[in-house]
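Just so it is clear: chains get the letters A, B, ... in the order the sequence lines come, proteins before strands, and each one is counted from 1. Predicted, not measured: the structure shown is a model, and the values here were computed from it.
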2 protein chains.
Amino acid sequence: MTSKLPSIRTVANLAGVSTATVSNVLNARRSVAPELAARVRAAVAELGYIADVGASRLRSRKSAVAGVVVPDLANPFFGEFVAALEQAARQDGYELLIVSSGDDPAQEAARLRTLLTWRPAGLIVIPCRDMIAGLDAAHAARVPLIAADRFPEGPAMDVVAVDNRAAAADMARHLIAGGRRHILVAGASLGIGNIRERVEGIRAATRGAAEVELLEVGYTLADSRAHLAERLARGLPPDALFTLNNVATLGAIGAIAAAGLRVPDDLALVGFDDEEWMRAVSPPVSAVHQPVERLGQEAWGRLMARIGGDAAPPRQLRLPCTLELRDSSAPARRSADSTALGRWAQQTRKETLS
Amino acid sequence: MTSKLPSIRTVANLAGVSTATVSNVLNARRSVAPELAARVRAAVAELGYIADVGASRLRSRKSAVAGVVVPDLANPFFGEFVAALEQAARQDGYELLIVSSGDDPAQEAARLRTLLTWRPAGLIVIPCRDMIAGLDAAHAARVPLIAADRFPEGPAMDVVAVDNRAAAADMARHLIAGGRRHILVAGASLGIGNIRERVEGIRAATRGAAEVELLEVGYTLADSRAHLAERLARGLPPDALFTLNNVATLGAIGAIAAAGLRVPDDLALVGFDDEEWMRAVSPPVSAVHQPVERLGQEAWGRLMARIGGDAAPPRQLRLPCTLELRDSSAPARRSADSTALGRWAQQTRKETLS
DNA sequence: ATGAAAGCGCTAACAG
DNA sequence: CTGTTAGCGCTTTCAT
């Protein structure tokens, strides 16, 4: 009952040919007499034979498999990235091994090791921190590795990312043009290079034109909302809030509502990372739109080049983002004391008197 | 320069032991003298040796790999599902091969075939239609297969899904309790079993209490919005809109705005599939919340049981959903002619006169 | 154009 | 406890 699956030998026997001929028919390697080929194909169909790639790879020493590591598959940004990669890979006849690191460097290293176990032809990694732990292992295994979305520190490597600095600066200039002077900038963690670049862009664009206040809000929605709500509940309210990732933007909406502030009159809200729902909320949220699909395509393209033997020095690619300007960052209709700042000043005055 | 990667033989030579001993140390199969084990580990470290699972699987005939097929990795629902699966799999020491079918049955069959090529110990599939094409191939390869989220037709098999009927009925009753009498039900395609079940639940709950109108809106956001906008622009406006998947819900918000209708006064909006942003839009959207994480865990649990040799008859699991009731389905504050229905009647009267 | 035989890297079975 | 040997399923010489 538990007879083994048909192997290439089973097929060869049934077709009355050698295993080599079966292999040649299936892989179209050497030419085979039409009649034999037909017999082989009939045997394959009858047995429901499916070749074992493991064995095939072992012998032929070629792969057509690439590994992918992303921080979190439940995050739509990474989901879209992986979807784009998968499509590109399939067009080149490659299979993808997709794993997630759970935003944990230790996991990242562990997953990378596991991937190497499969002898992939290459790796694409979205690092969860500013380093790729286990990079040495990939190097030792002589597997080309492309970093995507984030710039890892250390030795130069191929990176495909987005021009965070320019995009953030553009958005900051848009806020200033709208009359905003005190921008609260909220990111998951200011330790991530990506976030740092965005902050740098904002600082460069606002120098002398607006005050920038930084806030770390953590990786989860709950944390983002809590940190922002706490900040908005005390102290001088900003007249603009720039969230540096999609989760923080969602958290900001909740926190702003909890604080009783109005968008865009009390403060403008803009985010890095554009998602469909941002058009549906009210008011619609302005956002920096990243070319996720192209990010995937370009990363795959680089990897294919490396697999193909390209030995040029590592190249860093920066893709431009676009600004999706919507109502949340429209200029405020200011009237003295009707803004949040005005109300805050009034309240503070009262508190000082009492 | 292009010397081969270290193999188990390289390690054995360096450590001065046999390959069997290296294998035993690395897999903790048979006990090995501490001193030899130490030598082996030193050699492994020195060489940066990483075992080749392909070869190991080939010889040992055991896998610890499962294949996963989902319709679209960019859809957060499937992303969360896969993330849950991955976590469960890792706890059992399994690796996942994740592929997507692009909502195309032909692709689904092709991807399934490719997965079988890897000799997985099992498969978890979210079918994109009411059949799993290539099911026979999996059966022939004697690979246990668990269907998730959707109920494929044909021979009975293990399925882990959600109780669509009950959840949709609960939500429909909520609408009726709120005074709604004309429910427009919008789903991607009424051909999907999942959607049919939800429609059945709604019909059962509304029988005699409210009118139900069905609308197919397609799979993409743009299509959903267009179809809904077109429907809302003509004919008798419904007093409730029940969207049957997350994409349609987002499309509905746009369509409702375009039609100039107010939620919940003109019509209530409720959706199947809950997402974080639904709490952030205004008004917040009521939704059926599916236990995605449990869906993944249960699917994995069934697969592990089957891999473990469980030969019990196929089991179909139905997980309960929860209703997240928010403002979009609050009872309408009705006043004659101020509702959309009233305005429509007025306008119709005028048109009839002219 | 075809077949026989060797061997990819590993583990299982068998000796010792 | 350790080493030797055979062989997993496939592709690739090398003969024919």
Closest nucleotide among D:dT11, D:dG3, C:dT2 to the B:Val17 side chain: D:dG3

Of the options D:dC10, C:dT11, C:dG3, whose atoms approach the side-chain atoms of B:Arg119 most closely? D:dC10

Is the backbone N or O of B:Pro71 less than 3.5 Å from a side-chain atom of B:Ser100, with the two atoms forming a donor-acceptor pair by type? no

Pick base, sugar-phosphate or nothing for B:Asn27, based on heavy-atom distances below 4.0 Å to the nucleic acid. sugar-phosphate

Assess whether one donor atom and one acceptor atom, taken from the side chain of B:Arg30 and the base of D:dG3, lie less than 3.5 Å apart. yes

Are any side-chain N or O atoms of B:Gln316 and backbone N or O atoms of B:Val160, one a donor and one an acceptor, separated by less than 3.5 Å? no

When all nucleic acid strands are considered with a 4.0 Å heavy-atom cut-off, which category describes A:Ser31: base, sugar-phosphate, or nothing? sugar-phosphate

Do B:Asp92 and B:Trp300 come close enough that some side-chain heavy atom pair is under 4.5 Å? yes

Is there a donor-acceptor contact under 3.5 Å from the side chain of A:Arg318 to the main chain of A:Val162? yes

For the pair made of CG in A:Leu5 and P in D:dG9, what is the distance, rounded to whole Å? 9 Å

Scan B:Ala33 against the nucleic acid and name what it touches under 4.0 Å (heavy atoms): base, sugar-phosphate only, or nothing. sugar-phosphate

Can you tell me how far P of C:dC14 sits from CZ of B:Arg59, to the nearest Å? 11 Å

